[in-house]
Amino acid sequence: KINYIWRKQYLCFFLGIALLGSSLIWKFFGAKLNDLLIFNTLIAILWYSRETMDLKQISNKQTERLRIEHKTNLRPYLRLQKGRSGGLILVNEGKGVAVNLRPVYKSDNETREFLKVPAMAAAPGSITESFVPRNSSLELDPSVTKFTIEVAYNDIEKRNYLAVFNSNPLFNDGFEIIKQEEA
């Protein structure tokens with residue numbers, strides 16, 4: 001109960017203490033007007049300190065949210081889609097540059113590294129089509145076979161990311177984004 005009053009109704013709490021305290025000091029100690037003003041000034045300072053503490057907590061929360069939003073807005077965000085000639089197309093939809101992309105093909109019985117991509121510019125129009133080796137002899141059509149593509153990459157601030165795509169013909173690009181997170 002005291003915790004709830006302190007967190008939610010502290011203005012009423014301070015007003016009650018000021019009124020009750022002033023009357024007790026005046027009645028039992030015979031305080032003068034100057035003493036009552038000093039006591040109520042103390043209560044006002046405590047109230048002001050509580051308000052300042054609340055403002056600081058709100059400001060800290062806003063600052064943290066802005067940091068997260070800024071970090072999210074400037075990160076790369078990859079999307080994989082099937083290409084016209086049986087290949088794969090990697091698209092960077094994010095506003096950050098992706099560097100050192102390392103795609104890996106995984107199926108039930110095979111794991112194979114594709115060609116590494118040194119960098120992908122930020123959106124719009126950042127597309128890479130040539131990361132699958134020409135002699136790979138892999139069936140890369142999502143409607144024919146089930147497989148996973150994992151792409152490990154960095155941004156220009158050297159943060160590590162991992163994107164995981166499963167082939168799924170129910171999606172218009174042919175791939176479902178399973179995971180896209182900072183590693």
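Keep in mind that the numbers below use all heavy atoms, side chains included, and drop hydrogens, waters and symmetry copies.
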Sub-4.5 Å side-chain heavy-atom contact between Ser137 and Arg112: yes
Can you check whether Arg102 reaches Val151 side chain to side chain, under 4.5 Å on heavy atoms? no
Report yes if the side chains of Phe165 and Glu176 come closer than 4.5 Å at any heavy-atom pair, otherwise no. no
Would Trp47 and Leu11 count as a side chain to side chain contact (heavy atoms under 4.5 Å, CB included) here? Give the steps. CA-CA 7 Å; Trp47 169 75; Leu11 184 58; 3.1 Å; yes
Below 4.0 angstrom, N of the basic side chain to O of the carboxylate: do Asp173 and Arg79 qualify? yes
Find out whether Lys71 and Arg159 are in side-chain contact, i.e. whether some heavy atom of one side chain is under 4.5 Å from a heavy atom of the other. yes
Under a 4.5 Å cut-off applied to non-hydrogen side-chain atoms, are Gln57 and Asp54 in contact? yes
Are Val91 and Val99 joined in one hydrophobic group, where the rule is that I, L, V, M, F, W and Y side chains link up if heavy atoms are under 4.5 Å apart? no
Would a 4.5 Å heavy-atom cut-off, applied to side chains only, mark Leu140 and Val132 as touching? yes
Compile the donor-acceptor pairs under 3.5 Å between side chains in residues 21-34 and protein atoms, sequence neighbours left out, one pair per line.
unit_1, atom_1, unit_2, atom_2, d
Ser22, OG, Ala18, O, 2.7
Ser22, OG, Asn40, OD1, 3.3
Ser22, OG, Asn40, ND2, 3.2
Ser23, OG, Leu19, O, 3.2
Ser23, OG, Leu20, O, 2.9

Any luck finding a side-chain donor-acceptor pair between Asp155 and Tyr161 under 3.5 Å? yes
Under a single-linkage definition using a 4.5 Å side-chain heavy-atom cutoff for Ile, Leu, Val, Met, Phe, Trp and Tyr, are Ile149 and Phe171 assigned to the same hydrophobic cluster? no
Taking the side chain as every heavy atom from C-beta outward, state whether Tyr105 and Leu138 have any pair of such atoms under 4.5 Å apart. yes
ring-ring contact (aromatic ring centres under 6.0 Å, His included) between Phe175 and Phe147: does it pass, once the steps are laid out? CA-CA 10 Å; Phe175 292 93; Phe147 60 94; 5.6 Å; yes
State plainly whether one hydrophobic cluster holds both Phe39 and Leu46, where clusters connect Ile, Leu, Val, Met, Phe, Trp and Tyr through side-chain heavy atoms under 4.5 angstrom apart. yes
Under 6.0 Å from the six-membered ring centre of Tyr10 and within 45° of its axis: does the NZ or CZ of Arg50 meet both? yes
How about Gln62 and Ile58: do any of their side-chain heavy atoms sit closer than 4.5 Å? yes
